[in-house]
J.: 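My structure is below; once you've seen it, I'll send some questions.
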Number of protein chains: 2
Amino acid sequence: MTAEIPPRQGHTTLQDVARLAGVSAKTAARAINGESNVRAETRERVFTAAAALRFRPNRLARELRQGARTGAVGLVIGNLDNPFYSQLAAGVDHALREHDLELIIASTDDEPERERVVVQAMLERRVTALMLVPSATDHSYLEGERQLGLPIIFLDRPPVTVVADSVLWDNHSGVREAIHELTTRGHRRIAALADSPELFTATERLTAFREALTEAGAEPDEALIVARVHDVPSAASATADLLARDDPPTAIIALNNRISVGAVSTLLRDDPACAFVGFDDFDLGETLGISVIANDPREMGNHAGQIALRRLKDGTGAPERISLPTRLVQRGSGERPVS
Amino acid sequence: MTAEIPPRQGHTTLQDVARLAGVSAKTAARAINGESNVRAETRERVFTAAAALRFRPNRLARELRQGARTGAVGLVIGNLDNPFYSQLAAGVDHALREHDLELIIASTDDEPERERVVVQAMLERRVTALMLVPSATDHSYLEGERQLGLPIIFLDRPPVTVVADSVLWDNHSGVREAIHELTTRGHRRIAALADSPELFTATERLTAFREALTEAGAEPDEALIVARVHDVPSAASATADLLARDDPPTAIIALNNRISVGAVSTLLRDDPACAFVGFDDFDLGETLGISVIANDPREMGNHAGQIALRRLKDGTGAPERISLPTRLVQRGSGERPVS
DNA sequence: CTGAAAGCGCTTACAG
DNA sequence: CTGAAAGCGCTTACAG
């Protein structure tokens with residue numbers, strides 16, 4: 001006949017702490033949050049009560065009351081498996097560290113519909129800033145949020161139908177530099193491996209490739225330009241196909257990191273007399289003497305984080321557009337022109 | 001003298017939508033959330049109003065009201081720069097996809113104090129499950145959360161002072177297999193490169209190394225065991241030091257992925273007659289003919305995600321403890337025993 | 001230095 | 001099929 005003692009339903013609340021300490025909720029909050037105007041003795045009593053009850057403040061409640069701003073930043077990338085994206089995320093993470101901001105990461109696999117879904121979820125969670133490597137092309141659905149003051153930062157690919165900050169690569173300079181070097185050393189038949197033309201970077205790098213080649217007086221051979229190479233295996237086989245041609249290229253440029261790894265694996269295996277340059281550096285690239293167009297995804301992420309922090313402090317303004325350098329890093333023994 | 005029209009302070013609310021549609025908040029909620037018992041015509045009116053006002057529901061409010069559970073899962077790892085951790089995160093991400101769960105990621109750089117800080121923040125945000133690669137050794141501070149029903153899953157390293165699920169490697173089998181192979185082929189002087197002894201995996205793999213060597217009748221030479229190798233450069237130089245000895249080892253085993261990359265870079269550069277096996281596979285490992293003790297971080301992450309989902313559905317129970325295989329993958333030309 | 005009341009934007013538990 | 005009231009756990013805006 002004794003009443004059942006109901007199991008604790010959830011976490012203890014500020015009210016519970018206040019009650020045990022014999023003060024009001026407001027006073028308990030003052031002590032917990034380290035505000036002034038609390039008697040030392042009162043503070044002690046609240047601390048003791050909080051510790052006894054293992055009080056852990058509920059941020060959702062706090063943030064709901066305080067308004068739009070949350071302590072979470074949203075980062076939307078293609079896929080954590082890809083070192084480019086994970087290093088980007090590492091850079092963002094690094095920038096956010098000291099500022100008590102949490103990082104919500106979602107991946108899209110570069111699918112526009114999935115981008116909509118994950119961004120939507122982040123907006124409903126009221127992230128305090130949104131960074132994304134866009135896969136969709138229309139971002140007018142973000143316009144409302146922008147007007148509400150949400151810092152929005154595009155990475156790797158520029159905003160099109162929305163005004164936003166961006167951190168991009170200077171794709172042209174690195175590619176030009178590489179092609180210039182190759183043509184100077186006599187290469188005329190240079191092949192290029194690129195990702196899907198829907199991707200801004202793929203198209204921009206390919207354009208730079210064509211322009212640089214033309215400028216050097218070496219008309220690009222469209223048969224040597226392979227697009228829609230999206231992963232390591234397909235890059236490996238596309239490279240093998242190029243090498244198996246009757247008129248193989250004398251040099252190959254790979255226009256992103258996954259493509260580089262695939263191409264290099266074929267080149268190492270077959271060991272043809274073919275020069276090579278790859279976009280993005282990678283583990284063992286230096287050791288293997290592979291020339292690369294170096295860029296630093298961590299730096300890109302870090303910049304994005306810095307912009308977000310600045311926006312949160314100073315509010316909105318004209319959109320920032322940062323262009324990060326890419327430059328040719330030549331390696332190799334000399335027995336081959338560039339690789 | 002006209003009154004200033006105040007700028008919209010924040011997002012429109014369910015109340016705003018209800019007002020515009022001429023219904024109560026509850027009815028608006030029913031329509032928005034797709035509940036039954038709403039007249040089609042009413043539903044339409046609510047939808048129209050919501051679209052006009054660009055209503056975006058506030059998840060913080062919903063989750064606060066609904067109770068402890070949030071739609072966010074917390075993942076605590078060492079560092080996103082390390083492919084082991086980023087692939088682990090990719091696996092978790094993958095498992096969570098279809099379930100509308102968001103992923104909050106925080107990195108600790110393997111510092112116990114930082115782990116406390118980020119875990120604390122996640123708990124205050126009321127994550128619905130917590131996964132961590134622990135760097136602290138005492139996790140009794142999680143006991144309260146466990147009792148409140150929070151699914152807690154340890155990855156890579158086991159829980160010590162708290163009851164929790166775990167997904168670990170069978171470190172012994174892979175290392176034994178590798179050492180068995182090396183000793184069978186005649187190696188007696190085998191060096192090992194390991195991370196800090198504070199790390200469970202480092203110690204466990206080193207123990208397996210010593211045991212396997214002893215079993216094969218080849219007493220381990222402590223001078224050939226290098227501990228506290230924590231990154232690629234230090235692994236590279238530690239390898240160079242080993243090779244420069246008067247009595248260099250005839251084989252080297254690297255006990256994690258970063259150490260492997262560093263060791264391989266030195267081995268490729270110096271090209272000594274030294275066999276090699278590395279823990280964790282890596283890009284170009286197969287192409288370069290490097291033998292590895294293969295494991296799959298994505299799989300570990302995926303398993304953790306699955307356990308979390310199961311716990312969320314079926315509630316608590318006896319802790320699960322999954323041990324994932326590691327196995328020797330032999331590559332190489334045959335001119336060297338294992339590498 | 002302290003506290004009572006109201007409110008953030010939803011959902012719950014009812015009542016009709 | 002619809003709605004009014006109360007409440008999730010905090011903070012705000014006051015009042016003392």
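Below, read A as the first sequence line, B as the second, and so on, with proteins coming before strands; counting in each chain starts at 1. Please read these numbers as outputs of a predicted model, since none were measured by experiment.
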J.: Does Thr27(B) put a side-chain nitrogen or oxygen below 4.0 Å from OP1 or OP2 of dG3(D)?
T.: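 Yes, because at least one side-chain N or O of Thr27(B) sits under 4.0 Å from OP1 or OP2 of dG3(D).
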J.: Whole-Å distance between dC8(C) P and Glu124(A) CD?
T.: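 It is 20 Å, rounded to the nearest whole Å.
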J.: Ignoring hydrogens, what is the shortest heavy-atom contact between Ala31(A) and Phe47(A)? Give both atom names and the distance.
T.: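 In terms of heavy atoms, the two residues are closest at O-CE2, 3.5 Å.
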J.: Salt-bridged, Glu111(A) to Arg116(A), with N to O below 4.0 Å?
T.: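 No salt bridge links Glu111(A) with Arg116(A).
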J.: Do the charged groups of Glu124(B) and Arg62(A) touch, with an N to O distance under 4.0 Å?
T.: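 Result for this pair is no, no salt bridge flagged.
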J.: Would you mind pulling out the nucleotide paired to dA4(D), Watson-Crick or G-U wobble, both distances under 3.5 Å?
T.: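 Matched dA4(D) with nothing under the 3.5 Å cut-off.
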J.: With a 4.0 Å cut-off, would you call Arg298(B) and Asp81(A) a salt bridge?
T.: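 Result for this pair is yes, salt bridge flagged.
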J.: So Val127(B) and Val73(B), do their side chains get closer than 4.5 Å, heavy atoms only?
T.: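 No, too far: nothing below the 4.5 Å cut-off.
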J.: Using OP1 and OP2 only, check whether a side-chain N or O of Thr42(B) sits under 4.0 Å from dC1(D).
T.: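 Thr42(B) to dC1(D) OP1/OP2: no side-chain N or O under 4.0 Å.
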J.: Indicate yes or no: does Asp165(A) engage Arg146(A) in a salt bridge with an N to O separation below 4.0 Å.
T.: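 Between Arg146(A) and Asp165(A) there is no salt bridge, as every charged N stays at least 4.0 Å from the carboxylate O atoms.
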J.: Could you go over nucleotides 9-13 of chain D and give all protein N or O partners under 3.5 Å, atom names and distances?
T.:
residue : atom : partner  : partner atom : Å
dG9(D)  : N2   : Ala61(A) : O            : 3.4
dC10(D) : OP1  : Asn58(A) : N            : 3.4
dC10(D) : OP2  : Leu14(A) : N            : 2.8
dT11(D) : OP1  : Asn33(A) : ND2          : 3.3
dT11(D) : OP1  : Arg62(A) : NE           : 3.0
dT11(D) : OP1  : Arg62(A) : NH2          : 2.9
dT11(D) : O2   : Arg65(A) : NE           : 3.2
dT12(D) : O4'  : Arg65(A) : NH2          : 3.4

J.: Across all strands shown, which nucleotide pairs with dA13(D) by Watson-Crick or G-U wobble geometry, both distances under 3.5 Å?
T.: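 Partner of dA13(D): none.
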